[in-house]
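Some notes on the structure that comes next.
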Amino acid sequence: MEYDFRKIEKEWQAQWKKNGAYRVKNDFSKPKCYVLDMFPYPSGAGLHVGHPLGYIASDIYSRYKRLKGFNVLHPMGYDAFGLPAEQYAIEHGVHPAKSTVQNIDTFRKQLDNIGFCYDWDREVRTCEPGYYKWTQWIFLQLFNSFFNRATRKAEPIAELAAEFEKNGNAGHACPGDASISFTAEQWKAYTEKEKQDILMNYRLAFCGYGEVNWCEALGTVLANDEVVNGVSERGGHPVVKKKLRQWYLRITEYADRLLEGLETIEFSEAMKEMQTNWIGKSYGAEIDFVIVSRESSGVSEELTTHHSPLTVYTTRPDTIFGVDFMVIAPEHELIESITTPVQKPAVEEYITYVKSRSDRERQAEKKISGCFTGAYAVNPFNGKQIPIWISEYVLAGYGTGAIMGVPCGDERDHKFARHFNIPITNIIGQHYNGVDANPTKDAQLENSEFLNGVVMRDAIGIVNAKLEEMGIGKKKVNYKMRDAAFSRQRYWGEPFPIQWKNGVAVPLNETELPLLLPEVDSYSPGPEGEGPLANIPAWVAKELETNTMPGYAGSSWYFLRYMDPHNTETFCDRTLSDYWNQVDLYIGGTEHAVGHLLYSRLWTKVLFDLGHIGFDEPFRKLLNQGMIQGSSRFVYRVLWQGIFKPDFDLSKLPTIFVSAGLLKGNKINIEDVGIENTVKTQLNQILHKYALDGFRNIEDITVAALHVDVNFVNGIRLDINAFKNWRTEYQNSEFIYEGGPVGNPLKLEPGKKMDNPWVFDCGIEVEKMSKSKFNTVNPDDLVEKFGADTFRMYEMFLGPVDQSKPWDTKGIEGVHRFLKKLWRLFFDEVKGKVWTEEKATTEELKVLHRTIRKIGEDTERFSFNTAVSAFMICVNELSDLKCHKREILEPLVIMVTSYAPHISEALWKALGNENSVLDAVFPEYEEKYTVESSKEYPVSINGKVRTNINIALDATAEQVQEITLANELVQKWMEGKALKKFIFVKGKMINVVI
RNA sequence: GCCCUGGUGGUGGAACUGGUAGACACGCAGGACUUAAAAUCCUGUUCGCCGCAACGCGAGUGCGGGUUCAAUUCCCGCCUGGGGCACCA
């Protein structure tokens with residue numbers, strides 16, 4: 001009986017489906033385990049081999065936990081709103097809902113192929129009204145709440161309004177605009193609109209103005225990755241910054257809670273670091289500088305003082321005497337009033353330049369640019385006049401949009417000063433070498449008047465105290481994180497449950513939800529950069545918000561909906577969220593480090609604060625899956641330009657490709673005489689075939705690399721026929737081969753057979769897996785060829801799940817062989833059943849229990865690749881022992897279940913079990929079977945292993961030393977020298993130092 | 001530019017807390033079975049050197065230094081691949 005994986009997998013998938021084997025009950029009597037994958041965006045390209053990496057890992061873990069007796073929630077769904085579907089709609093006129101459903105169907109088929117244990121009854125789709133009703137509902141919770149800084153949590157905005165009635169806002173500084181301050185009486189006197197405008201500055205979901213990438217030619221707002229070098233990716237039209245009304249989430253109020261929460265969850269240190277850096281909490285000071293302009297009247301200089309000071313934010317007030325210039329952001333509001341007439345044209349020109357630049361470009365730019373405003377800031381301590389510059393590297397959104405330039409202490413400031421010949425003041429003496437800035441805090445200050453001799457670290461406090469005393473500065477905690485933009489000028493997203501009445505945002509009643517996304521005739525943008533909804537007269541007539549929510553809205557809370565997916569009364573019943581609680585294991589890519597993961601943490605905290613759920617961190621443990629990259633293959637086409645005599649008719653030429661091994665860069669490798677001759681010979685043959693003449697010189701040949709579909713390539717060897725049939729224009733192409741029979745002038749590579757045939761090889765490059773690069777591999781093909789079990793184990797065998805690696809199918813056969821070998825422990829091709837009921841030997845039990853321990857440990861620590869090899873070792877050893885005993889094989893099958901469920905169920909049932917192996921009990925490891933009495937110790941002399949000595953494990957250190965030193969080989973290596981030190985690590989090694 | 005992360009044989013990778021570098025698998029080479037092929041099995045396989053052989057010598061985990069009896073693992077400096085940087089998801 002052979003291992004017929006196609007039959008087995010089909011049969012058991014059908015059975016499991018029929019029995020509802022993966023249906024999850026809310027069984028409160030069992031311990032729960034919640035294992036979640038980051039749900040996919042269902043793109044039109046379908047699933048490629050990169051997607052399932054994390055899904056397989058979570059599937060294995062889920063099944064393992066089930067065998068360990070847990071009630072496991074393991075759902076899947078779709079992040080179904082998004083830009084690509086809308087783009088597709090614009091281009092093809094297909095409604096996004098329609099293409100999305102089609103894409104979901106494709107995904108589902110592909111997922112089912114691999115045999116996942118998802119409970120599909122719990123599937124969610126963010127684009128369905130039954131789902132986004134609750135996304136809108138949570139938005140209203142955010143809209144109707146503020147962050148109470150005293151209690152450090154979200155509270156109803158109505159309570160805040162009541163508080164204003166009593167005490168004004170004395171106890172609640174305004175997060176949106178710190179200058180807002182009023183008494184109870186003033187509050188009562190405000191009009192309703194004034195009150196609402198003030199409350200808007202407190203709400204957790206609020207409306208404000210923000211800059212977007214505006215493309216006039218396309219009449220739309222562009223995503224950052226649609227903008228390349230200041231122009232639109234499509235069409236190359238200019239893109240500028242434009243201020244639009246936008247919704248935001250006041251995530252900045254939660255900065256500290258988000259930081260503190262990191263200590264309670266198991267994310268990788270790298271991930272925590274990324275989030276910490278993103279939040280970017282810093283302690284510093286805001287300092288006001290008086291601004292003056294010098295007006296030259298020819299004879300004397302007159303100083304004009306501006307009424308507004310320049311407020312800078314700095315983390316290093318101690319360097320105040322080292323400030324040689326100020327830099328303000330090109331968007332800074334003071335620019336207009338402080339720029340001198342002389343500098344005006346230059347400043348305006350510079351600002352125009354900056355407007356075309358993205359934040360990213362501005363920060364990444366190595367070339368220093370900037371422009372002097374003509375104004376000066378006055379150092380409050382010594383009256384020194386400091387020139388005020390504008391430069392793109394200062395962003396308006398961070399701090400006050402103005403910094404003090406301290407060239408001796410900051411590298412970027414240093415480069416700036418050098419570039420514009422601004423004299424550099426050295427305040428750290430020998431710590432500054434005149435070439436590079438030194439950001440130390442440990443130097444003693446010089447040239448710093450009252451701070452001279454003080455260590456910088458200590459000077460920070462002294463300066464702060466002095467500034468506060470003078471009333472021109474204060475300590476300030478700052479965050480790099482900005483409030484999260486929460487609206488898009490798009491169609492395919494959740495509509496906001498908001499109406500605009502006389503400029504006031506009025507939330508819809510909960511009973512009016514869901515506010516359905518209406519049908520539109522056209523998906524193109526509305527007037528003035530508004531979203532497509534602005535094109536619908538009925539929508540506009542109802543004064544409904546025309547923005548829609550961004551992609552991360554639906555994904556910020558979906559993990560809750562899986563617990564109670566069909567509830568129409570509430571987003572998730574509290575008893576269910578109390579039971580299922582946090583996600584115990586969340587698997588997904590690092591690319592979500594600061595987006596999705598931060599937003600869902602925020603939403604969870606708000607829902608917790610408002611009493612809707614009982615925990616304030618969504619994901620107890622996060623496992624990052626590495627990205628599977630594509631390994632692209634290239635063929636090299638000969639470019640003929642300039643190679644033939646001028647009168648030559650190029651149209652007669654066939655398309656010619658050159659094998660990769662014959663090339664050096666984009667030319668023929670003529671340094672190798674053998675290669676040169678091979679190419680010449682073949683080229684002449686081809687030209688002869690086409691009766692062509694007039695070729696000049698082989699050295700002039702250059703080639704162009706073209707992506708070739710990786711499915712036509714075995715390793716690097718091209719399947720010429722498949723390639724020719726790929727596209728009609730390649731049908732009659734010619735190939736210049738390498739390799740060739742003995743005696744040909746080409747040098748043979750080591751490892752190649754002597755009777756090598758001519759071959760054609762491709763070039764390789766690792767790139768992102770993408771349809772356009774022809775490097776995608778569809779899991780369906782592999783499942784068809786090798787089966788789902790093989791595919792699952794192979795993806796795991798590829799390497800650590802959290803590491804990125806290029807996809808390569810070679811090696812999958814090894815895993816397939818392993819499953820066949822496992823099968824042969826049970827069945828012989830001719831004899832049929834071969835398992836027996838004999839008693840297992842100690843040796844066999846040792847093999848089994850070593851495996852139990854290893855599989856348990858490795859699965860718990862997500863080291864799936866080593867678990868697979870442990871299975872291989874086990875099966876190899878059992879084969880060597882010719883062990884076919886049920887006592888050994890049955891526990892083994894249970895262990896294999898989480899990795900390769902289909903074959904396991906088939907073998908389990910073959911052994912005569914009635915129930916499903918999915919519900920078996922994971923075997924218990926017993927140490928008594930694996931204990932060893934002695935160990936083959938490696939013995940090093942001065943750190944180099946020279947021999948091995950078998951010593952009992954219970955030998956004392958003295959005994960070991962005695963045995964070791966008595967050893968003949970050890971004696972030889974010691975050459976009579978005296979023993980300096982004897983190192984013995986029990987169970988590990990011995991090192992003799994002489 | 002800034003933040004995070006990786007780099008080990010021909011290839012994917014293993015070595016979990018500083019303790020025998022290369023498990024397991026692919027590939028390759030040789031062999032067995034077979035009329036033949038497939039399938040399967042066996043042997044070898046980091047590189048270099050010596051050799052009849054060795055559990056013989058030397059080098060070796062991106063590069064250069066350091067700490068240690070001992071470094072893939074810890075520290076410093078560099079090179080280089082990947083991810084993110086706020087409207088892709």
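Just so we're on the same page: letters track the sequence lines, and every chain starts at 1. Heavy atoms only: backbone and side chains are in, while hydrogens, waters and symmetry mates are out.
Rounding to whole angstrom units, CG of residue A:Leu262 and C1' of B:C4 are separated by 14 Å. Nucleotide B:C26 holds its C1' atom 18 Å from the CE atom of A:Met796, rounded to whole Å. Counting to the nearest Å, the P atom of B:G1 and the CG atom of A:Leu395 are 16 Å from each other. As a whole-Å value, the separation of A:Phe864 CZ from B:G12 C1' is 18 Å. Residue A:Asp808 contributes atom CG, which lies 8 Å from atom C1' of B:U11 at whole-angstrom precision. Spacing between atom CG of A:Asn624 and atom C1' of B:G6 amounts to 14 Å, rounded to whole angstrom units. Residue A:Asn876 contributes atom CG, which lies 12 Å from atom C1' of B:C41 at whole-angstrom precision. If you take CG of A:Asn277 and C1' of B:C3, they are 5 Å apart, rounded to a whole angstrom.
Spacing between B:U11 and B:U17 at atom P, rounded to whole Å, works out to 26 Å. Spacing between B:C76 and B:G58 at atom P, rounded to whole Å, works out to 32 Å. B:A71 and B:G64 have their P atoms separated by 16 Å, with the value rounded to a whole Å. Between B:G9 and B:U46, the two P atoms lie 13 Å apart (nearest whole Å). Remark: the separation of the C1' atoms in B:A70 and B:A21 is 13 Å, to the nearest Å. If you take atom P in B:U61 and the same atom in B:A53, they sit 29 Å apart, rounded to whole Å. For the P atom pair drawn from B:C75 and B:G18, the interatomic distance equals 11 Å after rounding to whole Å. Distance noted for atom C1' between B:G60 and B:C42: 30 Å (whole Å).
Among the protein residues, A:Trp973 comes within range of the sugar-phosphate backbone only, with heavy atoms under 4.0 Å from sugar or phosphate atoms but none that close to a base. Note on A:Arg362: nothing from the nucleic acid sits closer than 4.0 angstrom, heavy atoms only.
Listed candidates were B:A59, B:A14, B:G12. Nearest to the side chain of A:Lys944 is B:A59.
Using the Watson-Crick or G-U wobble rule with both distances under 3.5 Å, B:A53 pairs with nothing in any strand shown. Both distances falling under 3.5 Å, in either a Watson-Crick or a G-U wobble arrangement, place B:C28 opposite B:G44. In this structure B:G1 sits in a base pair with B:C85, meeting the Watson-Crick or G-U test at under 3.5 Å. In this structure B:U34 sits in no base pair that meets the Watson-Crick or G-U test at under 3.5 Å. Base pairing of B:C74 is made with B:G66, judged by Watson-Crick or G-U wobble geometry with both donor-acceptor distances under 3.5 Å. When both pairing distances are held under 3.5 Å, B:G22 makes no Watson-Crick or G-U pair with any nucleotide shown.
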### Query
How would nucleotides 15-23 of chain B be written as a contact map, 5' to 3', with B for base contact, S for sugar-phosphate-only contact and - for no contact, using protein heavy atoms under 4.0 Å?
SB--BB--B
### Query
What is the per-nucleotide protein-contact pattern of nucleotides 72-89 of chain B, from the 5' end, where B denotes a base atom under 4.0 Å from a protein heavy atom, S denotes such proximity for sugar-phosphate atoms only, and - denotes neither?
----------SSSBBBBB
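Residues A:Glu795 and A:Trp807 share a closest heavy-atom pair of OE2-CZ3, 3.5 Å. Between A:Gly554 and A:Glu494, the shortest heavy-atom contact is N-OE2, 3.6 Å.
Atom CD of A:Glu91 sits in a crowded spot, with more than 12 heavy atoms from other residues, nucleotides or ligands closer than 6.0 Å. More than 12 heavy atoms of other shown residues, nucleotides or ligands fall within 6.0 angstrom of atom NZ in A:Lys242.
A:Phe786 and A:His816 have perpendicular rings, their planes meeting at more than 60° on a 0 to 90° scale where under 30° would count as parallel. Aromatic ring orientation, A:Tyr586 versus A:Tyr558: tilted (interplanar angle from 30° to 60°). Taking the six-membered ring where the residue is Trp, A:His592 and A:His596 present perpendicular rings, their angle passing 60° and hence far from 30°.
Side-chain N/O atoms of A:Lys820 include one lying less than 4.0 angstrom from OP1 or OP2 on B:U40. Note on A:Arg824: a side-chain N or O is less than 4.0 Å away from OP1 or OP2 of B:C41.
Between the side chain of A:Thr252 and the backbone N or O of A:Asp483, no donor-acceptor pair lies under 3.5 Å. Under the 3.5 Å distance criterion, the side-chain polar atoms of A:Glu392 are left unmatched by any main-chain donor or acceptor of A:Arg362. Checking side-chain atoms of A:Arg601 against main-chain N and O of A:Leu258 turns up a donor-acceptor pair under 3.5 Å. Side chain of A:Lys854 to main chain of A:Ala867: no donor-acceptor pair is present (N/O by atom type, distance under 3.5 Å, no hydrogens or angles).
By the 4.0 Å N-to-carboxylate-O rule, A:Glu877 lies close enough to A:Arg850 to be salt-bridged with it.
Both A:Lys805 and A:Glu273 sit near RNA chain B, but only A:Glu273 has its closest nucleotide nearer the 5' end.
An anti base is found at B:G44: its glycosidic angle is more than 90° from 0.
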